[in-house]
Amino acid sequence: MKVVEIIGARPQFVKAATVSRVLRKSGTDILVHTGQHYDENMSRVFFDELEIPRPDYDLEVGSGTHGEMTAKMLERIEEVLVKEKPDMVLVYGDTNSTIAGSLAAVKLHIPTAHVEAGLRSFNREMPEEINRILTDHASDLLFVPTQVAVENLKKEGITKGVHLTGDCMYDALLHAKALSADRTILKDLGLEADDYLLATVHRASNTDDERLLRNIFEAFAESPTQIVLPLHPRTKKMVQTFGVDTTGVKIIEPVGYLDFVALEASCNGILTDSGGIQKEAFLLGKRCITMREETEWVETVDDGWNILVGPDKGKILDAISNFHPTRERSEPYGDGRAAEKMVQIMLDF
Ligand code: UD1
Ligand code: UDP
């Protein structure tokens, strides 16, 4: 079996590391990096730490408007697929790299598999929502992480090719947990375990609105517990553009996955608008304060470990002081062996 994997953004490197590790044992795995994320600490560090082979193709698309990026990717991915003639194309998540990969494949009649299918925020203003809906409808195999996502697909008439595999980010986290125990990042940053809150912000709806971005940074500055913020390049750019005051927040560069998991594992709680980090917080038993109005990972909220506060300063500060989960967590994200199941399903297809 010859598979072309399309990746390009930070969370896709984490997910692909797990599937690619298994895939390489059973067939030919061609890695295509679109170049959507390209900074050393947004890209290369993940390949090095997670032992992902160097990409066979680096399309070097870089940043741009949605149309510009997606169009360049589509054109360059098509060239690769015509040349490689794979048995299957594998795409991950909901980024512009995902939609470009699935669209290129489906137009060439190459079977397409989508990892993290069926997730919905029901907010069509999110670029990711459009990417994931279109990708699901173009895919032959849909690797679904949760039962809720299976139901979401059913409501859109998609039942064929749907496989509830569990979430390969759980596989990744289990792999990283042991390795991250030796990291010195806490010491390097002068942090004590349980004495800081770990934050990330990068969602376009938060970063590109000056008022909302200021709200978030004001809440961080007034937090009674120190906030540590590995700053996403998009957010860095917008903080500079709007001249947002970041006093009182411990800002660091984005870190590699092992350091990030180490920071997650020792923090007092997580504040985020990321998708993947809400799940990691849950899986590590950390309270999560999500600066969005809705989430795709509804299980984390239903179990009482995640609270949706939006980019609202008062609600963020209230949650920092008063939101403390008490209930047992269920196990909605599988058994940590999702990647093996996905590869077996692809082989059977
Ligand atoms: C993208 C995904 C988002 C995902 C996130 C993961 C889309 C539409 N969005 O958002 O779903 O959650 O990745 O982190 O695909 N930049 C750099 N260096 C880099 C990468 C980006 O400086 O290596 C800056 C550029 O100014 C760029 C901006 O960040 O314009 C946004 O990058 P982009 O890839 O368009 O979107 P993300 O916000 O990273
Ligand atoms: N992550 C990381 N370093 C950081 C911030 C995040 O390694 O400085 C990891 C994190 O552990 C998770 C993934 O990146 O696995 C989440 O990516 P991101 O929040 O950028 O994207 P999303 O999940 O929202 O699409």
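For reference, positions follow the sequence shown, starting with 1. Ligands are counted one by one from 1 in listed order, and the atoms in each one are counted from 1 as well.
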Short list, please: which atoms of ligand 1 are under 4.0 Å from a heavy atom of [X]?
X: Met69; result: 34 (O), 35 (O)
X: Arg203; result: 11 (O), 12 (O)
X: His232; result: 14 (O), 37 (P), 38 (O), 39 (O)

Nearest heavy atom to [atom] wins, so pick from [options].
atom: atom 20 (C) of ligand 1; options: His37, Gln12, Arg10; answer: His37
atom: atom 6 (C) of ligand 1; options: Pro233, Pro11, Gly64, Pro254; answer: Pro11
atom: atom 3 (C) of ligand 1; options: Gln36, Glu128, Met126; answer: Glu128

Closer than 4.0 angstrom, basic N to acidic O: yes or no for [X] and [Y]?
X: Lys187; Y: Glu192; value: no
X: Glu296; Y: Arg132; value: yes
X: Glu116; Y: Lys15; value: yes
X: Arg203; Y: Asp209; value: no
X: Glu79; Y: Lys83; value: no

Which residue supplies the protein heavy atom nearest to [atom], what is that atom called, and how far is it?
atom: atom 27 (C) of ligand 1; value: Ser63 OG, 3.2 Å
atom: atom 26 (O) of ligand 1; value: Lys237 NZ, 3.1 Å
atom: atom 18 (N) of ligand 1; value: Asp39 OD2, 3.0 Å
atom: atom 5 (C) of ligand 1; value: His202 NE2, 3.6 Å

Note, Pro254 side chain near Arg10 side chain (heavy atom, < 4.5 Å):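 A side-chain contact exists here, since the closest heavy-atom pair is under 4.5 Å.
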Any side-chain heavy-atom pair of Ile251 and Phe217 under 4.5 Å: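 A side-chain contact exists here, since the closest heavy-atom pair is under 4.5 Å.
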Ligand 1 contact on Arg234 by region, counting heavy-atom pairs under 4.0 Å: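 Both the backbone and the side chain of Arg234 come within reach of ligand 1.
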Region of Lys236 engaging ligand 1 - heavy atom pairs below 4.0 Å: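 No part of Lys236 comes within reach of ligand 1.
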Backbone of [Y] reached by a side-chain donor or acceptor of [X] within 3.5 Å:
X: Asp39; Y: Met42; answer: no
X: Ser266; Y: Leu263; answer: no
X: Arg287; Y: Ile320; answer: yes

Output side-chain donor-acceptor pairs under 3.5 Å for residues 339-349, partner residues at least two apart or in another chain, one line each.
residue, atom, partner, partner atom, Å
Glu340, OE1, Arg337, NH2, 3.1
Lys341, NZ, Asp335, OD1, 3.1
Lys341, NZ, Asp335, OD2, 3.2
Gln344, NE2, Asp348, OD1, 3.0

Is the shortest N/O to N/O distance between [X] and ligand 1 below 3.5 Å?
X: Thr95; answer: no
X: His66; answer: no
X: Asn131; answer: no
X: Ser97; answer: no

Sequence-distant partners of Glu218, salt bridge (charged side-chain N to carboxylate O under 4.0 Å, His left out), two or more places apart: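 If we apply the salt bridge (charged side-chain N to carboxylate O under 4.0 Å, His left out) test to Glu218, skipping adjacent residues, the hits are Lys313.
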Separation of Thr207 OG1 from His202 NE2 (nearest 0.5 Å):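 One finds 8.5 Å between NE2 of His202 and OG1 of Thr207.
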side-chain contact (heavy atoms from CB on, under 4.5 Å) partners for Ala319, two or more places apart: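 With neighbours one apart ignored, the set is Ile289, Ile307, Val309, Phe323.
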Shell of residues surrounding ligand 2, defined by a 4.0 angstrom heavy-atom cut-off that is strict: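 Arg10, Pro11, Val14, Phe46, Met169, His202, Arg203, Pro230, Pro254, Val255, Gly256, Tyr257, Phe260, Ser274, Gly275, Gly276, Ile277, Glu280.
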